[in-house]
Number of protein chains: 2
Amino acid sequence: MSRETVLPPASRPFVGSRAPVTTADGPGLFAACPELIGTPAAYDREEEIFGEGEEAESVYRVMQGAVRTHKVLSDGRRQITGFHLPGDLFGFEPGEAHRHSAEALSGTRVLIFKRRQVERIATHRAEVACQLWSLATRSLRQAQDHMLLLGRRSALERVAAFLLDVDLRLGGTGAFDLPMTRRDIADYLGLTIETVSRTITQLEAEGALLRTGGRKVSLRRGRMHRLVED
Amino acid sequence: MSRETVLPPASRPFVGSRAPVTTADGPGLFAACPELIGTPAAYDREEEIFGEGEEAESVYRVMQGAVRTHKVLSDGRRQITGFHLPGDLFGFEPGEAHRHSAEALSGTRVLIFKRRQVERIATHRAEVACQLWSLATRSLRQAQDHMLLLGRRSALERVAAFLLDVDLRLGGTGAFDLPMTRRDIADYLGLTIETVSRTITQLEAEGALLRTGGRKVSLRRGRMHRLVED
DNA sequence: CGTTTCGTTGAGCGGGGTCAAACGACGTGG
DNA sequence: CCACGTCGTTTGACCCCGCTCAACGAAACG
């Protein structure tokens, strides 16, 4: 698998973190930890970053692009457990092996941290360990919110909630370009691609969004929110 | 709300942890931390331990009995995010307020730890912070497994997987007493009580389990496992 | 251009939901 | 001790949301 081919122009083994990382975990994880410098890497669209069962030797921070993590059943049914956008971390595992697979949704740049090194530092620097803790706790909360969605919400609510969430994480302007396919959305929401498609059509018919070509959408966030209605 | 009325005989504000806590997080969380001694408390069946929105000032460890944590939508739809058996911890939150409710399933004893105190200790004792981290990561993994179940498994698979899981957590003998109602099971599995009931009937008809009165069941674990497959 | 992948739409079906009734295990009071 | 009410569970009848199968349109790519 050739890395770094589809990627935009510019330096490939790029250095430092100049990406607009203003999301999630504040001013950057491990900020208070200069000896922890990630190794930059880049992945093509659909390229696997790690697979289920592989040894979990690294953790990752998205700098640019987007990543999905998922689990699969033996018959192919897939559940995407999370999308990771710039600023997000992923790849932490409690044991020695990954219990997920991870792939890049598009040309994606990440910083790689050695798991052993992170753990070693955490064992003698409480503030780093605390960061890891709060990070994991935040992911846990997200996971629990998603359980409510998967267990108890209708297709319409799922798609509406999803679009609002992506909008928020992408800047909250109400207009954005979906970084994932219908299949990815379906496998995240526990639906089929047909249902996702039909539901988006329905949302457009109800005036809750506008399809503005390709994967671009523009949300009427007021109407959208009324559909989710906590 | 009268605490400690339905509970078995014996001392109510009971002291120490004599319960058979051999589960989950090994030889007891905070074991390496003698200054962290939990305050014992007891709750009746169906009694609320904390509610969504309340200030999250404590974390809890189950010593005896069982606890459920859940989220609800405004129209009453409920998703149980976890059952907590002896040895388990619950009540951690990333923010200041609980984003769940928690109730006792039956007469239940817990140890209460002050969140502030735990956090204070974690900030200067890396090993405690690491324990918290690995705890959260383990919960996260469970949550992700449950997402796969909620998003992609059939009713039969859900119920079978659930029964196998409870069996395992209750000792793995194959015969046990379900500590929760059909409603709780349904709200955990994203089903209705009718579907849970019908599915158990079906499992019995297929010879995968035996109903041995009340909530007692006896699993044919071989057949059961073949239904979950993966 | 043809080919492939992705997205949309339609027709029909079925798994699981809804509504309703009856049953069994308890606990309470006559 | 039994009549009665309550609550949890089971079962039946019916229906609908979302899945399946299939065709077609629209980009992306060689």
Side-chain angles (χ1 to χ4, degrees), chain A residues 2 5-6 44-46 68 73 75-79 103 105-107 149-163 177-205 209-217 227, chain B residues 5-6 44-46 68 73 75-79 103 105-106 149-160 162-163 177-206 209-217 227:
Chain A
S2 64
T5 35
V6 144
D44 286 347
R45 178 166 173 281
E46 292 293 299
R68 62 170 183 251
L73 297 175
D75 62 5
R77 283 175 290 177
R78 182 178 72 151
Q79 179 65 41
E103 296 106 23
L105 292 178
S106 55
L149 180 144
L150 291 173
R152 289 298 178 218
R153 306 199 88 122
S154 69
L156 195 77
E157 292 172 316
R158 292 184 201 202
V159 173
F162 172 74
L163 292 172
D177 206 338
L178 283 164
M180 67 287 285
T181 66
R182 294 289 188 262
R183 166 134 303 287
D184 288 333
I185 298 173
D187 286 349
Y188 180 62
L189 298 180
L191 301 171
T192 60
I193 53 175
E194 294 93 332
T195 299
V196 171
S197 185
R198 275 188 261 266
T199 304
I200 291 177
T201 302
Q202 185 186 346
L203 286 170
E204 189 168 32
L209 65 80
L210 246 58
R211 273 186 275 209
T212 56
R215 289 181 191 163
K216 288 200 233 322
V217 291
L227 296 173
Chain B
T5 36
V6 144
D44 287 348
R45 178 167 173 281
E46 293 293 298
R68 62 169 184 251
L73 297 176
D75 62 5
R77 284 175 290 177
R78 182 179 72 151
Q79 178 66 42
E103 295 107 24
L105 291 179
S106 56
L149 180 144
L150 291 173
R152 290 297 177 218
R153 307 199 88 124
S154 69
L156 196 78
E157 293 172 316
R158 292 183 201 201
V159 173
F162 173 74
L163 292 172
D177 206 339
L178 283 164
M180 67 288 285
T181 67
R182 295 289 188 263
R183 166 134 305 286
D184 287 333
I185 298 173
D187 286 349
Y188 180 62
L189 299 180
L191 301 170
T192 60
I193 53 175
E194 293 94 332
T195 299
V196 171
S197 185
R198 275 188 261 265
T199 304
I200 291 177
T201 302
Q202 185 186 346
L203 285 169
E204 190 168 33
E206 292 179 8
L209 66 80
L210 245 58
R211 274 185 275 211
T212 56
R215 289 181 191 163
K216 288 199 234 320
V217 291
L227 296 173

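Residue numbering restarts at 1 for every chain, and letters A, B, ... go by the order of the sequence lines.
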Without decimals, in angstroms, what is the distance between [X] [atom1] and [N] [atom2]?
{"X": "B/Glu194", "N": "C/dC23", "atom1": "CD", "atom2": "P", "value": "18 Å"}
{"X": "B/Ile193", "N": "C/dA21", "atom1": "CD1", "atom2": "C1'", "value": "13 Å"}
{"X": "A/Glu157", "N": "D/dG18", "atom1": "CD", "atom2": "C1'", "value": "14 Å"}
{"X": "A/Ile200", "N": "C/dG7", "atom1": "CD1", "atom2": "C1'", "value": "10 Å"}
{"X": "A/Leu156", "N": "D/dC17", "atom1": "CG", "atom2": "P", "value": "11 Å"}
{"X": "A/Arg45", "N": "D/dA27", "atom1": "CZ", "atom2": "C1'", "value": "12 Å"}
{"X": "A/Arg152", "N": "D/dC17", "atom1": "CZ", "atom2": "C1'", "value": "15 Å"}
{"X": "B/Leu189", "N": "C/dG15", "atom1": "CG", "atom2": "P", "value": "19 Å"}

Would you mind telling me which of [options] lies closest to the side-chain atoms of [X]?
{"X": "A/Arg198", "options": "D/dG18, D/dT10, C/dG10", "value": "C/dG10"}
{"X": "B/Thr201", "options": "C/dG7, C/dG16, D/dT11", "value": "D/dT11"}
{"X": "B/Arg182", "options": "C/dG17, D/dC19, D/dT9", "value": "D/dT9"}

* **Distance test, side-chain N/O of A/Thr181 to OP1/OP2 of C/dC6, below 4.0 Å** =>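 False: A/Thr181 side-chain N/O out of range (4.0 Å or more) of C/dC6 OP1/OP2.
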* A/Ser197 side-chain N/O to C/dT8 phosphate OP1/OP2 under 4.0 Å ->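 Answer yes for this pair, as a side-chain N or O of A/Ser197 is under 4.0 Å from OP1 or OP2.
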* Distance in Å, B/Arg215 CZ paired with B/Met180 CE, rounded so as to fall on 0.5 Å steps -> 9.0 Å
* Structure fact -> OG1 (A/Thr195) and CG (A/Leu189) are apart, to the nearest 0.5 Å, by 10.5 Å
* Asked: Between A/Gln79 (side chain) and A/Asp187 (backbone), is there a donor-acceptor pair under 3.5 Å?
  ->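 Pair found, side chain donor or acceptor close to backbone of A/Asp187.
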* Any donor-acceptor N/O pair, B/Arg158 side chain to B/Leu150 backbone, under 3.5 Å -> yes
* To do: Tell whether A/Arg211 reaches the base of C/dG7 with its side chain through a donor-acceptor pair below 3.5 angstrom.
  =>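 In this structure, the two groups form no donor-acceptor pair.
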* Closest heavy-atom contact between A/Ile193 and A/Ala186? ->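 Smallest heavy-atom distance, with atoms named: N-CB, 3.6 Å.
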* Contact class for A/Arg158 vs. all strands (heavy atom < 4.0 Å): base, sugar-phosphate, or nothing? -> nothing
* Name the nucleic acid region contacted by A/Gly190, choosing base, sugar-phosphate or nothing; use a 4.0 angstrom heavy-atom cut-off, strictly under. => sugar-phosphate
